[in-house]
Amino acid sequence: MGGGTRRAPRVKKVVIHSDGGCHGNPGPGGWAAVLAYGKHVREISGGVPATTNNRMELQAAIEALRLLKEPCEIDFHTDSQYVRNGIREWIAGWKRNGWLTSAKQPVKNAGLWRELDAATSRHKIHWHWVKGHAGHPENERCDQLANEAIARVKAQHTPEQLKAMLEAFSAAP
């Protein structure tokens, strides 16, 4: 028999920072993430005409994880306790309870939570909370990118269009 020892492939270590926000909650929203692998850095962002802060925080995490083409070990930094606690503590119970809260109510943003759950499944992720607006450079950069995305959304729509989209969003179940 051949004698070489096989080495497991090295798992890439990635650092991700993410943020999301709205002008008004609900209102026009933006999300952003900064991904770093060694000296390689990639910034991503996007916006939505009518949404909530929590939805944008979730979208930032989902979009960042979608960029990774192979399983990675990730240090994930967010200023959202909602995202960190949801993915680390609450989601197992929600899944067990058929996506109902402990009060037997439908989980808010369940579709995004399902997407985040799927996006995390192939990675080893260490979730970290950072205080927002506290001078953390990568968090501040994400906040800037998210606000720029909101500005782009606002520039693409009239105030009347934004109002109509917000009304439709708020009326949806």
Side-chain angles (χ1 to χ4, degrees), residues 14-36 41-68 72-95 99-103 105-154 156-157 162 165-166 168-170 172-173:
V14 177
V15 178
I16 298 174
H17 291 81
S18 71
D19 195 19
C22 284
H23 289 177
N25 191 23
W31 59 266
V34 176
L35 296 85
V41 176
R42 180 147 180 213
E43 297 179 341
I44 59 172
S45 63
V48 179
T51 189
T52 64
N53 286 340
N54 285 342
R55 291 183 67 79
M56 291 295 88
E57 294 281 5
L58 287 164
Q59 197 69 53
I62 292 163
E63 298 295 340
L65 293 170
R66 279 186 181 152
L67 283 181
L68 303 175
C72 297
E73 184 170 346
I74 303 164
D75 275 310
F76 202 114
H77 302 266
T78 175
D79 64 4
S80 172
Q81 291 281 15
Y82 175 70
V83 169
R84 183 175 169 269
N85 291 342
I87 200 69
R88 289 182 56 197
E89 299 171 23
W90 307 331
I91 200 166
W94 294 337
K95 288 166 41 173
W99 292 95
L100 296 176
T101 66
S102 57
Q105 297 299 310
V107 171
K108 287 185 178 168
N109 306 313
L112 290 172
W113 281 112
R114 284 184 178 102
E115 286 185 59
L116 182 58
D117 186 42
T120 62
S121 65
R122 62 191 189 125
H123 304 291
K124 180 176 181 181
I125 305 177
H126 308 281
W127 293 92
H128 307 280
W129 179 77
V130 296
K131 184 174 174 58
H133 311 288
H136 191 284
E138 290 86 355
N139 181 258
E140 296 291 339
R141 179 64 181 148
C142 287
D143 184 67
Q144 178 186 0
L145 291 168
N147 278 301
E148 289 171 1
I150 294 169
R152 285 192 304 273
V153 166
K154 288 173 140 182
Q156 292 167 351
H157 300 89
L162 289 170
M165 287 184 266
L166 181 57
F169 174 81
S170 297

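- Between L145 and A32 the shortest heavy-atom distance is CB-CB, 3.5 Å.
- Here SG of C142 is found 10.0 Å from CD of Q144. Values are rounded to the nearest 0.5 Å.
- Of all the heavy atoms in N139 and G132, the pair that sits closest is OD1-CA, 3.6 Å.
- Contact detail for P106 and T101: the closest heavy-atom pair is O-CG2, 4.2 Å.
- Every pair tested for salt bridge (Lys or Arg N to Asp or Glu O under 4.0 Å) that includes a residue from residues 118-137 fails, sequence neighbours excluded, so the list is empty.
- F76 has its side chain out of reach of H123: every pair of non-hydrogen atoms, C-beta onward, lies at least 4.5 Å apart.
- Using modelled atom types, one finds a donor on one side chain and an acceptor on the other under 3.5 Å when comparing H128 with D75.
- Note: L67 CG to I44 CD1 = 4.5 Å, rounded to the nearest 0.5 Å.
- Residues in residues 136-150 take part in these salt bridge (Lys or Arg N to Asp or Glu O under 4.0 Å) pairs, two or more places apart or across chains: E43-R141.
- In this structure, the side chain to side chain contact (heavy atoms under 4.5 Å, CB included) partners of V41, at least two apart in sequence or on a different chain, are V34, A36.
- The OG atom of S18 lies 10.0 Å from the CH2 atom of W31; values are rounded to the nearest 0.5 Å.
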Between side-chain atoms of residues 85-95 and protein atoms elsewhere (two or more places apart, or another chain), which donor-acceptor pairs fall under 3.5 Å?
| unit_1 | atom_1 | unit_2 | atom_2 | d |
| --- | --- | --- | --- | --- |
| N85 | ND2 | Q81 | O | 3.4 |
| K95 | NZ | D117 | OD1 | 3.4 |
| K95 | NZ | D117 | OD2 | 2.9 |

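- A 4.5 Å side-chain heavy-atom check between H23 and N147 finds at least one atom pair inside the cut-off.
- The structure places NE2 of H17 at 4.0 Å from NE2 of H136, a figure rounded to the nearest 0.5 Å.
- Scanning all heavy atoms of the two residues, the minimum distance from W127 to V83 falls at CZ3-CG1, 4.0 Å.
- For R84, there are no salt bridge (Lys or Arg N to Asp or Glu O under 4.0 Å) partners, not counting sequence neighbours.
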Please table the atom pairs, donor to acceptor, closer than 3.5 Å between any side-chain atom in residues 48-65 and protein atoms at least two apart or in another chain.
| unit_1 | atom_1 | unit_2 | atom_2 | d |
| --- | --- | --- | --- | --- |
| T52 | OG1 | R55 | N | 3.1 |
| N53 | OD1 | C22 | N | 2.8 |
| R55 | NH1 | N109 | OD1 | 3.0 |
| E57 | OE1 | G20 | N | 3.3 |
| Q59 | NE2 | E63 | OE2 | 2.7 |
| E63 | OE2 | R66 | NH1 | 3.0 |

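- In this structure, the separation between CD1 on I16 and NE2 on H126 is 12.0 Å, given to the nearest 0.5 Å.
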